[in-house]
Chemist: 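Here's a structure for you.
Just so you know, these numbers come straight off a predicted model, no measurement behind them. Note that these values count all heavy atoms, side chains included, but never hydrogens, waters or copies made by symmetry. We name chains A, B, ... by the order of the sequence lines, and we start the count at 1 in each one.
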Amino acid sequence: MFREEVYAIVKRIPRGKVATYGQIAALTGDRLRARAVGNTLHRNTEQFAVPCYRVVNARGELSAAYGFGGREEQALLLRLDGIEVENGAVDLERYGWNPNECE
DNA sequence: TAGATGACTCACA
DNA sequence: ATGTGAGCCATCT
């Protein structure tokens, strides 16, 4: 299922980096699925096993309706990963995950 | 089965 | 720089 693919990709995100919905959507096949990716993660059933906190929008901003404790918790987790979160957003130029590098 | 929703993205005013 | 509109897709009710 599409959801599982999204989960797998999110799980592949290395610690210390973040990915955008569009990026994940592109990895699943089409970048136009960005919306579906977000929705899928929102309805995700494996949030406990999927680091969805490493997933942000195209601007690097955290999700406003994070299904956990809100962007605060998400920001905290990102900081634990070594990512600097400023005003609920990260620098994709620095922490943006490059799936081609496959760490 | 069909309709509505959403953690998206891009473009234009 | 912010606000609104349109396009796309998967999941939910």
Chemist: Rounded off to whole Å, could you give me the CG-to-P distance for the A:Asp30 and B:dC10 pair?
Modeler: 15 Å

Chemist: Given B:dT9, B:dG6, B:dA7, which nucleotide is nearest the side-chain atoms of A:Cys52?
Modeler: B:dA7

Chemist: Is the shortest heavy-atom distance from the side chain of A:Val56 to the side chain of A:Leu92 under 4.5 Å?
Modeler: yes

Chemist: If I take atom CD in residue A:Glu5 and atom P in nucleotide C:dT11, what distance separates them, rounded to the nearest angstrom?
Modeler: 10 Å

Chemist: Atom CD of A:Gln74 and atom C1' of B:dA7: how far apart are they, to the nearest Å?
Modeler: 8 Å

Chemist: Under 4.0 Å, heavy atoms only, any strand: does A:Asn57 hit a base, just the sugar-phosphate, or nothing?
Modeler: sugar-phosphate

Chemist: Can you confirm whether the side chains of A:Tyr21 and A:Ser63 place a donor and an acceptor under 3.5 Å from each other?
Modeler: yes

Chemist: Roughly, in whole Å, what's the span from NE2 in A:His42 to C1' in C:dT13?
Modeler: 13 Å

Chemist: Can you figure out which of C:dA10, B:dA7, B:dT9 approaches the side chain of A:Ala34 most closely?
Modeler: B:dT9

Chemist: What is the distance, rounded to the nearest whole Å, between atom CG of A:Leu41 and atom C1' of C:dC12?
Modeler: 16 Å

Chemist: Which of the following nucleotides, C:dA10, B:dC10, B:dA7, is nearest to the side chain of A:Tyr21?
Modeler: B:dA7

Chemist: So what does A:Ala36 touch, heavy atoms closer than 4.0 Å: a base, only the sugar-phosphate, or nothing?
Modeler: base

Chemist: Between B:dA7, B:dT9, C:dT11, which nucleotide gets closest to the side-chain atoms of A:Arg43?
Modeler: C:dT11

Chemist: If you group Ile, Leu, Val, Met, Phe, Trp and Tyr by side-chain heavy-atom gaps below 4.5 Å, do A:Leu32 and A:Val55 land in one group?
Modeler: no

Chemist: If I take atom CZ in residue A:Arg59 and atom C1' in nucleotide B:dC10, what distance separates them, rounded to the nearest angstrom?
Modeler: 10 Å

Chemist: Could you state the CG-P distance from A:Asn39 to B:dT9, rounded to the nearest angstrom?
Modeler: 13 Å

Chemist: For B:dA7, does the base pair up with any side-chain atom of A:Tyr66 as donor and acceptor (N or O, under 3.5 Å, distance only)?
Modeler: no

Chemist: Applying a 4.0 Å non-hydrogen cut-off, can you work out what A:Phe2 is touching in the nucleic acid: base, sugar-phosphate, or nothing?
Modeler: sugar-phosphate

Chemist: Where the side chain of A:Leu32 is concerned, which of B:dC10, C:dC8, C:dA10 is the nearest nucleotide?
Modeler: C:dC8

Chemist: If we only count heavy atoms from C-beta on, is the A:Val6 to A:Leu41 side-chain gap below 4.5 Å?
Modeler: yes

Chemist: Quick check on A:Glu84: does its CD atom have over 12 non-hydrogen neighbours (other residues, nucleotides or ligands) under 6.0 Å away?
Modeler: no

